[in-house]
Amino acid sequence: MTTALVLGGAGGIGAAVTRRLAADHDVTITHHGHPERAEALAAELGDRVRTVTADATTEEGVVAAFDAAQERGELTVVVDCVGGWDYPRITELTSEQIHESLSLNLVSGLLVLREATRRVADGGRVVMVSSAAARVAPARQSTYAAAKAGLEAASRVAAKEVARRGVTVNVVRPGATDTEYMRSITSDKAIDAMAGSNAMRRLGTPEDIAGVVALLVSPDAAWVTGDVIDATGGLA
């Protein structure tokens, strides 16, 4: 049994990824702010899943998460699902909003990439979750789009630095995905517009994204690295 770490592995896309990986791995998941979701998921999946409280925007939190995962064995898979956004107009941005968004969506990812490239076993897999916002640059998502674009660039750099160990580093770029978080901060009108903007004319599901992650961590993806995989249902 191999060991996986899923940062932000308790809610939305992260929970779907955890469920997929728990079939073949001992999984450590991090949570910050919603321990009840993490504990419920661990209860659902049993001894395969361990929960750790960790603030992924801090060096201490990320290091603690990796330490906890490595206590369970050789670390072969790392998936980073940490992220979040709101909808400020760029003309109304505050310095606090900018720093908070970059900390959550970019700084955390750089810390994860640093620890993953240090600690993942030879032949291991690292998958970072980005967003279609990095490519589409929607209105009112300036900090989020900028941070995720930076995460994608850093992931391509990391892929080059660890390739000779057989480690792959890839990015999954979801489109609008039907999660509790998205529905809590997005109007029904905007959700309908998002659902109608891709070729399949629906929102993605967390399971759609988890399926792409599962492919990238599988042996079949050993020759795929430094790539950004769109998982958007054909978003134009």
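Values in this document were obtained by computation on a predicted structure and should not be read as measured data. Just so you know, these numbers use all the heavy atoms, side chains as well, and skip hydrogens, waters and symmetry mates.
- In terms of heavy atoms, Phe66 sits closest to Leu75 at CD2-CD2, 3.7 Å.
- We find the CZ-OG distance between Arg89 and Ser142 to be 11.5 Å, quoted to the nearest 0.5 Å.
- Val217 and Ile229 fall within a single hydrophobic cluster, where Ile, Leu, Val, Met, Phe, Trp and Tyr side chains are chained together by heavy-atom contacts under 4.5 Å.
- Not a single donor-acceptor pair under 3.5 Å links the side chain of Thr28 to the backbone N or O of Arg50.
- Sorted by first and then second residue, the ring pair (Phe, Tyr, Trp, His ring centres under 6.0 Å) pairs with a member in residues 95-151 read Trp85-Tyr144; sequence neighbours excluded.
- In the hydrophobic clustering of this structure, Val17 groups with Val49; members are Ile, Leu, Val, Met, Phe, Trp, Tyr whose side-chain heavy atoms approach within less than 4.5 Å, directly or through other members.
- With hydrogens and angles ignored, the 3.5 Å screen pairs no side-chain donor or acceptor of Ser131 with any backbone N or O of Ala134.
- Under the rule for a salt bridge (charged side-chain N to carboxylate O under 4.0 Å, His left out), Arg140 has no partner lying at least two apart in sequence or in another chain.
- For Asp67, the side-chain hydrogen bond (donor to acceptor under 3.5 Å, both in side chains) partners at least two apart in sequence or on another chain are Arg119.
- Interatomic distance, CG of Leu7 versus CG of Asp80, reported as 5.5 Å (0.5 Å rounding).
- When atom types are taken as modelled, the side chain of Ser103 and the backbone of Glu100 share no donor-acceptor pair closer than 3.5 angstrom.
- Taken from OG1 in Thr2 to NE2 in His25, the straight-line distance is 3.5 Å, to the nearest 0.5 Å.
- By the side-chain hydrogen bond (donor to acceptor under 3.5 Å, both in side chains) test, Arg114 pairs with Glu59, sequence neighbours left out.
- Judged by distance alone, with hydrogens and angles left aside, the side-chain atoms of Thr30 form a donor-acceptor pair with the main-chain N or O of Gly8 at under 3.5 Å.
- Within a 6.0 Å radius of CD in Glu71, other residues, nucleotides and ligands contribute more than 12 heavy atoms.
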Validation: residues 34-42 side-chain donor-acceptor distances under 3.5 Å, sequence neighbours left out:
residue, atom, partner, partner atom, Å
His34, ND1, Glu36, OE2, 3.4
Glu39, OE2, Thr51, OG1, 2.9

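- Hydrophobic clustering keeps Leu5 apart from Val52 (ILVMFWY residues linked when any side-chain heavy atoms are closer than 4.5 Å, directly or through intermediates).
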**OP:** Check step by step if side-chain contact (heavy atoms from CB on, under 4.5 Å) holds for Arg125 and Val79.
**Re:** CA-CA 8 Å; Arg125 303 283 186 267; Val79 183; over 6 Å; no
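- Panel note: side chain Thr177, backbone Gly175; a donor-acceptor pair is recorded below 3.5 Å.
- Side-chain contact between Val224 and Asp227 is present, with heavy atoms from C-beta onward closer than 4.5 Å.
- Within the 3.5 Å criterion, the main-chain N or O of Gly9 finds a donor-acceptor partner in the side chain of Thr18.
- One finds the CZ atom of Arg48 at 11.0 Å from the OG1 atom of Thr3 (value rounded to the nearest 0.5 Å).
- Between Arg202 and Asp178 there is no salt bridge, since none of the side-chain N atoms of the basic residue sits less than 4.0 Å from a carboxylate O of the acidic one.
- Applying the side-chain hydrogen bond (donor to acceptor under 3.5 Å, both in side chains) test to every pair with at least one member in residues 187-196, sequence neighbours left out, gives no pairs at all.
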